[in-house]
A.B. asks: 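Shown below is the structure under consideration.
Each chain gets a letter, A, B and so on, in the order the sequences are listed, and its residues count up from 1. Everything numeric here is computed off the predicted structure, so don't read it as measured data.
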There are 2 protein chains.
Amino acid sequence: MVSKKVRGSTTGRPIMALLDLLGRRWVLRIVWELREKPRRFRELQELIGGASPTIVNTRLRELREACLIEIDPEAGYRLTALGQELLKLFLPLHLWSEKWAKAVRES
Amino acid sequence: MVSKKVRGSTTGRPIMALLDLLGRRWVLRIVWELREKPRRFRELQELIGGASPTIVNTRLRELREACLIEIDPEAGYRLTALGQELLKLFLPLHLWSEKWAKAVRES
DNA sequence: TCCTGTTACTACATTTTATGTAGCGCCGTG
DNA sequence: CACGGCGCTACATAAAATGTAGTAACAGGA
């Protein structure tokens, strides 16, 4: 039973489960920080701004259960093929976020 | 001062502020549920699965401050032009989530 | 062998955030 | 003027995240 019941997603619709997973604190950030190369636990923790090890570990576990990241004992945590696909969908956010920040600042 | 200090995003980099905002509980879900048409407060609350009015209101305020949604007194809450752009970036997620769910199930 | 450092975590008390339920004030209809 | 729908707000309880400390495994050096 890999697709364990995720918080509030009782519909069974994948998009809801995904939005729920990605909407948890630090999850988007973790995936983002793994975009370049694998990272070790502590390195990752510092990159995302010093979240507690408790929650970092919890999220890493959830992401592993979701097949988005995996552990390479040689290199640390890295995105799976699936995780990389997801990241690709998110890359345009980087560019868009600049535009957004500008618009918000001017409002 | 619109770009108020968001949780943990001290870098000033827009992408970090954006990931932080979108990583808050219910935010992705709210944007998603506004994809088709404007929704009223209570309607939205039920669509996303019955989050408390307290938090729904908090998130709606944050999203308004981020210029992603706005209120139309006639119709309720709706995405701004900026919000719709963001949503467009997320639409591929819908299709991808099906593939992801399948892969996770088989793992 | 013992010391030191690095790794990935876990424990737990405190603080922050979300929930659940109730209810308020405003408006339009009958 | 009662009624229902609207967008909230109040507040006590419950859940989640933080901060700090510490554990256990492994590696290299004296």
A.B. asks: How far apart are the closest heavy atoms of A/Trp26 and A/Ile55, and which atoms are they?
C.D. replies: CD1-CG2, 3.8 Å
A.B. asks: Just compare C/dT19, D/dC8, D/dC6 and give me whichever is closest to any side-chain atom of B/Ile55.
C.D. replies: C/dT19
A.B. asks: Nearest-Å distance, CD (B/Glu74) to P (D/dG5)?
C.D. replies: 19 Å
A.B. asks: Please report, rounded to the nearest Å, how far the P atom of C/dA8 is from the CD atom of A/Glu43.
C.D. replies: 9 Å
A.B. asks: Determine the minimum heavy-atom distance between B/Arg59 and B/Val27, stating which atoms define it.
C.D. replies: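 Taking every non-hydrogen atom into account, CD-CG2, 3.4 Å.
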A.B. asks: Just how far, in rounded Å, is C1' of C/dT6 from CG of A/Leu44?
C.D. replies: 17 Å
A.B. asks: Taking OP1 and OP2 of D/dG7, is either one under 4.0 Å from a side-chain nitrogen or oxygen of B/Arg40?
C.D. replies: yes
A.B. asks: Rounding to a whole Å, what distance do you find between B/Glu46:CD and D/dC8:C1'?
C.D. replies: 16 Å
A.B. asks: Mind calculating the distance between CD (B/Glu62) and C1' (D/dC8) to the nearest angstrom?
C.D. replies: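 After rounding, the gap between these two atoms is 16 Å.
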A.B. asks: Between D/dT9 and B/Asn57, is there an OP1 or OP2 to side-chain N/O distance shorter than 4.0 Å?
C.D. replies: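 Yes, because at least one side-chain N or O of B/Asn57 sits under 4.0 Å from OP1 or OP2 of D/dT9.
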A.B. asks: With a 4.5 Å cut-off on side-chain heavy atoms, are B/Trp32 and B/Leu91 touching?
C.D. replies: yes
A.B. asks: Within this structure, what is the CZ-to-P distance between B/Arg39 and D/dC6, rounded to whole angstrom?
C.D. replies: 13 Å
A.B. asks: Choosing from C/dT17, D/dG7, C/dT19, which nucleotide comes nearest the side chain of B/Arg59?
C.D. replies: C/dT17
A.B. asks: Grab the CZ-P distance between A/Arg24 and C/dA18 for me, whole Å please.
C.D. replies: 14 Å
A.B. asks: Which whole-number value in Å describes the distance from B/Tyr77 OH to D/dC6 P?
C.D. replies: 13 Å
A.B. asks: Flag yes if more than 12 heavy atoms outside B/Gln84 fall under 6.0 Å of its CD atom; otherwise flag no.
C.D. replies: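 More than 12 within 6.0 Å, yes.
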A.B. asks: Produce a footprint string for nucleotides 20-28 of chain C: one letter per nucleotide, 5' end first; B if the base is under 4.0 Å from any protein heavy atom, S if only the sugar-phosphate is, - if neither.
C.D. replies: BB-------
A.B. asks: Check the phosphate of D/dA16 against A/Trp26, side-chain N and O only, distance under 4.0 Å to OP1 or OP2. Yes or no?
C.D. replies: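 So the side-chain polar atoms of A/Trp26 never come under 4.0 Å of the phosphate oxygens OP1 or OP2 of D/dA16.
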A.B. asks: Does A/Leu95 have more than 12 heavy atoms from other residues, nucleotides or ligands lying within 6.0 Å of its CG?
C.D. replies: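 No, because the 6.0 Å sphere around CG of A/Leu95 holds 12 heavy atoms or fewer from other groups.
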A.B. asks: Counting only heavy atoms not in B/Glu98, do more than 12 sit closer than 6.0 Å to its CD atom?
C.D. replies: yes
A.B. asks: According to the interplanar angle, ranging from 0 to 90°, do the rings of B/Phe41 and B/Tyr77 count as parallel (below 30°), tilted (30 to 60°) or perpendicular (above 60°)?
C.D. replies: tilted
